[in-house]
Amino acid sequence: MTTPLRVVVADDQTLVRTGFRMILTADGIDVVAEATTGAEAVDAVRRTRPDVVLMDVRMPEMDGLEATRRILTGAEGEPRVIILTTFDLDHYVYAALSAGAGGFLLKDVTPEHLVAAVRLVRSGDALLAPAITRRLVERFAGRDAGTAAPHRDLSTLTPRELEVLRHLAEGLSNAELATRLHLSEATVKTHVARILAKLGLRDRVQAVIVAYETGLVSPSARPV
C-alpha cells in the first residue's frame with residue numbers, strides 16, 4: 001500500500017488553509033499540520049516531518065523566506081517547499097527559490113494544478129514549466145547577492161551538460177529536453193542529476209538560477 005503524501009500548509013489566512021486542506025485531502029493527500037506564522041511552520045515541520053510544505057511568503061513574526069531557510073538547513077528527509085504568493089513577480093519568491101524552495105504557486109491556483117504541483121515536487125522535480133517562473137528568475141537573477149545559489153563555477157560541466165543546463169533555463173521538461181537534444185528521457189535525467197551533483201544544487205530551480213547568474217543564459221535571449 002502506498003503511503004499518502006504528507007503536507008504542511010503554512011498561511012496566515014484561514015480560508016486559504018481550509019481550502020487547500022479540502023483540495024488535498026479529497027485527493028488522498030494527508031495534511032498533517034497547519035501554521036499561521038513562519039515560526040509555527042518551522043515547528044510543524046520538525047514535529048511532523050512532511051514530504052511537502054506549502055509556504056506563504058508574507059506571514060507575521062517570521063516570513064516564509066526565513067522559515068524556508070530554517071526548514072531546509074539540516075532538515076531530515078529534506079522536505080520540499082512550494083512557495084505560495086498572490087503576486088506573480090515577487091523578489092521574496094526569488095530569494096526563496098535561491099534558498100532551496102522547489103517552486104512556487106499563485107494562490108488562485110486551480111485544485112488540479114495544486115494537487116499536481118505537490119505530487120510533482122515530491123517526486124523530485126521542480127515547478128519550472130510556467131513562463132512566469134522564467135520571468136521571475138530573469139527579473140531578479142544577480143540582484144540579490146546574498147541569496148545567490150552556491151557553487152557557480154561551471155568549469156566542471158561537460159559541453160553536453162552545459163547544453164542541457166541552457167535548455168533547463170528555458171523551463172523545458174525532461175521529455176522536451178529529450179526531444180530537443182535527440183536523447184532518451186533516461187539519458188536526460190542522468191545529465192540533469194550530474195549537473196546538480198557537480199554544482200552542489202538541490203534541484204532544477206537552483207540550476208536555472210545559476211544559469212542566469214553566471215551569464216550562461218541571458219535574460220534578453222528569450223522573450224518574456
Side-chain angles (χ1 to χ4, degrees), residues 1-133 136 173 202-206:
M1 181 175 178
T2 303
T3 302
L5 286 176
R6 295 163 52 82
V7 176
V8 167
V9 178
D11 195 292
D12 61 350
Q13 299 180 45
T14 302
L15 285 177
V16 172
R17 296 196 311 275
T18 301
F20 281 3
R21 174 187 282 275
M22 291 177 62
I23 292 169
L24 295 173
T25 301
D27 205 78
I29 296 173
D30 189 5
V31 178
V32 295
E34 296 180 16
T36 61
T37 71
E40 288 182 9
V42 173
D43 179 65
V45 169
R46 289 173 178 168
R47 286 187 293 102
T48 64
R49 297 184 181 179
D51 301 301
V52 178
V53 182
L54 294 175
M55 180 75 73
D56 188 18
V57 175
R58 295 177 174 86
M59 290 184 290
E61 297 181 23
M62 179 192 299
D63 65 22
L65 172 58
E66 180 59 27
T68 296
R69 286 174 174 160
R70 295 191 184 191
I71 288 170
L72 296 179
T73 299
E76 291 186 27
E78 296 189 350
R80 307 285 290 171
V81 177
I82 299 176
I83 300 299
L84 301 170
T85 180
T86 54
F87 303 95
D88 64 355
L89 287 177
D90 187 326
H91 74 278
Y92 288 113
V93 180
Y94 173 76
L97 295 179
S98 298
F104 76 98
L105 291 172
L106 299 183
K107 288 188 181 180
D108 61 358
V109 61
T110 65
E112 296 78 12
H113 192 183
L114 175 65
V115 170
V118 169
R119 295 190 183 283
L120 178 71
V121 167
R122 178 62 184 92
S123 71
D125 211 330
L127 298 176
L128 286 176
I132 191 174
T133 304
L136 180 78
S173 66
R202 179 180 294 271
D203 57 28
R204 297 160 71 103
V205 173
Q206 287 196 321

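Below, all heavy atoms of this structure are taken into account, side chains as well, without hydrogens, waters or symmetry copies.
- Using a 4.5 Å heavy-atom cutoff, the side chains of Val109 and Phe20 are in contact.
- Of all the heavy atoms in Ala117 and Ile82, the pair that sits closest is O-CD1, 3.8 Å.
- Counting heavy atoms from C-beta outward, Leu54 and Leu114 have side chains that approach closer than 4.5 Å.
- A 4.5 Å side-chain heavy-atom check between Arg17 and Thr36 finds at least one atom pair inside the cut-off.
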Practice task
Walk me through it: do Leu5 and Arg119 pass the test side chain to side chain contact (heavy atoms under 4.5 Å, CB included)?
Solution key: CA-CA 8 Å; Leu5 286 176; Arg119 295 190 183 283; 3.8 Å; yes
Exercise for the section: Give the intermediate values and the outcome of side chain to side chain contact (heavy atoms under 4.5 Å, CB included) for residues Arg47 and Val32. Expected result: CA-CA 10 Å; Arg47 286 187 293 102; Val32 295; over 6 Å; no
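- Looking at Val16 and Asp56, their side chains never come closer than 4.5 Å, going by heavy atoms from C-beta outward.
- The shortest distance between side-chain heavy atoms of Met62 and Thr37 does not fall below 4.5 Å.
- For Glu66, the salt bridge (charged side-chain N to carboxylate O under 4.0 Å, His left out) partners are Arg69, Arg70, not counting sequence neighbours.
- Checked by atom type and distance alone, the side chain of Asp51 pairs as donor or acceptor with a backbone atom of Arg6 at under 3.5 Å.
- Annotation for Ile71 and Met55: closest pair CD1-CE, 3.5 Å, computed over non-hydrogen atoms.
- Summarising the geometry of Gly38 relative to Ala67, their closest heavy-atom pair is O-CB, 3.7 Å, with the distance given to 0.1 Å.
- Remark: side-chain polar atoms of Asp11 are paired, donor with acceptor, to backbone N or O of Gln13 under 3.5 angstrom.
- Looking at Arg80, its side chain does come within 3.5 Å of a backbone N or O of Val121 through a donor-acceptor pair.
- Using a 4.5 Å heavy-atom threshold, the side chains of Val57 and Asp63 count as separate.
- Heavy atoms only, all atoms of each residue included: Pro50 and Pro79 are closest at O-CB, 3.5 Å.
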